[in-house]
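In what follows, a single structure is set out as structure tokens and then discussed.
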There are 2 protein chains.
Amino acid sequence: MNPLLLTKTTVHAPIQSQTRADDAFDCLQMAIVKGDLAPGEKIGEVELCARFNLTRGPLREALGRLESRGLLVRRAHAGVKVVSVSSDELIELYHIREAMEGLAARQAAERMTDAEIADLHATLDSHEAMIKQAHGQAYYQGEGDYDFHHRIATGSRNAKLAQMLLGDLYYMVRMYRYRLSTSAGRPQKALGEHRRIAEAIAQRDGELAEFLMRRHINAARKNIEQKIRQGTLDI
Amino acid sequence: MNPLLLTKTTVHAPIQSQTRADDAFDCLQMAIVKGDLAPGEKIGEVELCARFNLTRGPLREALGRLESRGLLVRRAHAGVKVVSVSSDELIELYHIREAMEGLAARQAAERMTDAEIADLHATLDSHEAMIKQAHGQAYYQGEGDYDFHHRIATGSRNAKLAQMLLGDLYYMVRMYRYRLSTSAGRPQKALGEHRRIAEAIAQRDGELAEFLMRRHINAARKNIEQKIRQGTLDI
DNA sequence: GAGTCCTGGATTGTTGACAATATGAGGCAC
DNA sequence: GTGCCTCATATTGTCAACAATCCAGGACTC
């Protein structure tokens, strides 16, 4: 359905289209994001090799890439462990998102094609249907949200911006979203905010789109801050 | 014999302080940034091994990291070449900087210690002296500028933000700055803008610091855009 | 003469073994 | 009993050889 996202979770394709280091990178990234490898967990290379059926050469290359992206930390001769982000750092990620996605929304309003905008609206329609079907359950917040932001990022036509958002930030945020219980009512509210952003983009109003996107992410951040204060979310 | 004491102190002293892959990563990154490896240049692994005196294992790990950071592009079995950024993409980098460094300036105003702010002012004093000494030559624009922005980024106390700015964006920008002739008069103007930003930070005025930083980078971007139009800068 | 297929060569991807180092258990002195 | 040093072990860093793949040049066909 959405080929851009999450095609790797299923059984590895028999055809080896890419290199083994790439496979290892994808698998590890997914394992970290989904929580199969817990934050702070120390992992050995040989263990990982057995787990993913590969040898240490490609594995080490993948580990290097993951370290460079900030999902792992390595100490020479002392092993590698999954990065553990404090609640403060999670908040900081949202501050960064606010700045970067605001820019993405503005540029998307200026540059998205009409067809892309139509797709954006269609995406929101399908999200609305899913929310109704699931009675406001977690699905939307878990993946659908990123579907929307994904389209904005690519629609900005700013390759580096999209790379930083899709390749760096989202993975770190999703790492915590996966264990984050959705607050009731938030999905509907978020959908409304998405709708308004999409409208601003459709009207080619970059300033408004930026403003609305910033406010949208600001609201999400405050939602998380509240949960942390309440103790609902501990990291 | 007391091998423990010896190994603890002497083995650490030689140049081999870190792992070879780290060395390769640093060397390659510097070579790309300084232009020793031209953008678009295709480079072979064995050639690089000979150049940096290492074997292909650590080298490949370093290449993976560099690719993940966007300084290289690799195709399976087809070699690796230095990324070549178009002038449009360079402009996009400045848009991203505007958003991210605006945030950094705001957070720095809220979080920098008084000692750090004093250091910031001292840095600007030394920059002013250098400009006078060099009659507005390129030095300031080439490195001193990044010195200032470096301090702001770290002063934000936002680890991920600093990592993205210092680890990703600056290297790509510097890659082109190195071959960018400084326009006369711009260093002094930039210094004045830096002074005002530092003052806003000293007064703990986050909003103003963000506004001034955004305008500062906006001006730098327009300066480059003008050069591109004039044909002074071709990429 | 132009396009296509094929083959040789070179380069990359991968593997398993070897060397260097940090961690943790155990013993010794105090 | 507590703290420090020592040593063994397991883990990581590195290396050189092997296998898989792409690219360039040439011959052949249309």
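Just so we're on the same page: letters track the sequence lines, and every chain starts at 1.
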Does a side-chain N or O from Thr19(B) land closer than 4.0 Å to OP1 or OP2 of dT12(D), or not? no

Rounding to a whole Å, what distance do you find between Asp22(A):CG and dG13(C):P? 9 Å

Closest-nucleotide ordering on DNA chain C, the 5'-leading residue of Leu54(A) and Val80(B): Val80(B)

Once you round it to whole Å, what is the distance between P of dT12(C) and NZ of Lys81(B)? 14 Å

Hey, does Gly79(B) reach any base, or is it just sugar-phosphate, or nothing, if we go heavy atoms under 4.0 Å? sugar-phosphate

Minimal heavy-atom distance between Ile201(A) and Ala105(A), with the atoms involved, is CG1-O, 4.3 Å

Rounded to whole Å, the CD-C1' distance (Glu61(B) to dC15(D)) equals 14 Å

Roughly, in whole Å, what's the span from CD in Gln18(A) to P in dT21(D)? 14 Å

Salt bridge or not for Glu67(B) and Lys81(B), using N-O below 4.0 Å? no

Per atom distances to the Thr55(B) side chain, the nearest of dT12(C), dT15(C), dA16(D) is dA16(D)

Less than 4.0 Å between a side-chain N and a carboxylate O, is that true for Arg60(A) and Glu45(A)? yes

Just the rounded figure in Å: distance from P of dT12(C) to CD of Glu47(B). 10 Å

From the set dG13(D), dT15(C), dT14(D), return the single nucleotide nearest to any side-chain atom of Arg20(A). dT15(C)

Are His127(B) and His194(B) near enough that their ring centres are under 6.0 Å apart? no

side-chain contact (heavy atoms from CB on, under 4.5 Å) against Glu92(B), all qualifying residues, sequence neighbours excluded: Gln107(A), Arg111(A), Asn158(A), His95(B)

Report yes or no: is there a donor-acceptor pair, N or O only, under 3.5 Å between the side chain of Arg56(A) and the base of dG13(D)? yes

May I ask you to decide whether Arg74(A) forms a salt bridge with Glu61(B), counting only side-chain N to carboxylate O separations under 4.0 Å? yes

Set out, line by line, the N/O atom pairs under 3.5 Å between protein and nucleotides 23-25 of chain D.
| residue | atom | partner | partner atom | Å |
| --- | --- | --- | --- | --- |
| dC23(D) | OP1 | Arg75(B) | NH2 | 2.8 |

Check the distance between dG13(C)'s C1' and Leu59(A)'s CG and give it to me in whole angstrom. 15 Å

Give one of base, sugar-phosphate or nothing for Ile43(A), where a contact means two heavy atoms less than 4.0 Å apart. sugar-phosphate

Provide, to the nearest angstrom, the distance between the CD atom belonging to Glu45(A) and the P atom belonging to dT12(D). 5 Å

Counting C-beta onward and ignoring hydrogens, is there a side-chain heavy-atom pair between Ile152(B) and Leu165(B) closer than 4.5 Å? no

Starting at atom CG of Leu48(A), determine the distance to atom C1' of dT11(D), rounded to an integer number of angstrom. 13 Å

